[in-house]
Amino acid sequence: MTKSEWAILVLTAAFLVFLFLAYPDAAEGSEGEGYTITTQRRAEEPVTPEAPALVDVNTASLEELDTLKGIGPALAQRIIDYREAHGPFETLEDLLEVKGIGEATLEKFRDHATVS
C-alpha cells in the first residue's frame with residue numbers, strides 16, 4: 001500500500017473511533033420514540049376517495065352548479081335561466097343549448113352531473 005492509502009486508512013479508523021466514543025447511546029436517546037412507520041394502510045383509511053355526489057342540473061342551485069368542473073357562477077346562472085325559460089333538461093346533452101357550454105365543457109363534468 002502506498003503512503004496515501006495508509007493515511008486514508010488511518011484517518012478513516014480514527015473517524016470511526018471518534019464516532020463510537022462520541023455517540024455511544026445515540027440509538028437509545030434519539031427523539032421520536034413512541035411511533036412506528038409502516039407502509040400498510042389502517043383499516044379505517046379509505047383506499048380511494050369517495051365519489052362526489054352527482055349534481056342534478058334540473059334542481060341544483062347556483063352554488064351547486066358552480067361546483068362542477070368548468071362551470072363558474074356566470075355559466076351556472078345561464079343554466080338556471082335556460083331551464084327556467086325552456087323547462088327541465090331531458091339529457092345532459094341538452095346543456096349544449098346553453099350559451100358557453102360546448103362538448104369540451106360538458107365532458108369536464110359529465111361524470112359528476114345528472115338529470116332527474
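All figures in this text were calculated on a predicted structure; none of them were measured in a lab.
- Distance alone, capped at 3.5 Å, is enough to place a donor-acceptor pair between the N58 side chain and the F89 backbone.
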Q | E103/L96 under side chain to side chain contact (heavy atoms under 4.5 Å, CB included): CA gap, chis, key distance, verdict | A | CA-CA 7 Å; E103 288 287 341; L96 295 172; 3.3 Å; yes
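- Closest of all the heavy-atom pairs between R83 and T59 is NH1-N, 3.8 Å.
- Taking CG of L92 as the start and OG1 of T114 as the end, the distance is 6.5 Å to the nearest 0.5 Å.
- Rounding to the nearest 0.5 angstrom, the gap separating the NE2 atom in H112 from the CD1 atom in I71 is 12.5 Å.
- Listed for the E64 side chain is a donor-acceptor partner under 3.5 Å among the backbone atoms of S61.
- No more than 12 heavy atoms of other residues, nucleotides or ligands sit less than 6.0 Å from atom CD of E90.
- To the nearest 0.5 Å, the span separating CG on L68 from CD1 on I79 amounts to 7.0 Å.
- For the pair E97 (side chain) and D94 (backbone), a donor-acceptor distance under 3.5 Å is absent.
- A salt bridge links E93 and R110; the closest N-O separation between the charged side-chain nitrogens and carboxylate oxygens is under 4.0 Å.
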Q | Audit row: W6, L9, side chain to side chain contact (heavy atoms under 4.5 Å, CB included) steps and yes/no | A | CA-CA 5 Å; W6 274 106; L9 183 63; 4.0 Å; yes
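- The hydrophobic clustering, which links ILVMFWY residues whose side-chain heavy atoms are closer than 4.5 Å, places L11 and I8 apart.
- R78 places no side-chain N or O within 3.5 Å of a backbone atom of V98 that could act as its donor or acceptor partner.
- One hydrophobic cluster holds both F109 and L62 under the rule that ILVMFWY side chains link at heavy-atom gaps under 4.5 Å.
- The two residues T105 and G100 have their closest heavy-atom pair at OG1-O, 4.1 Å.
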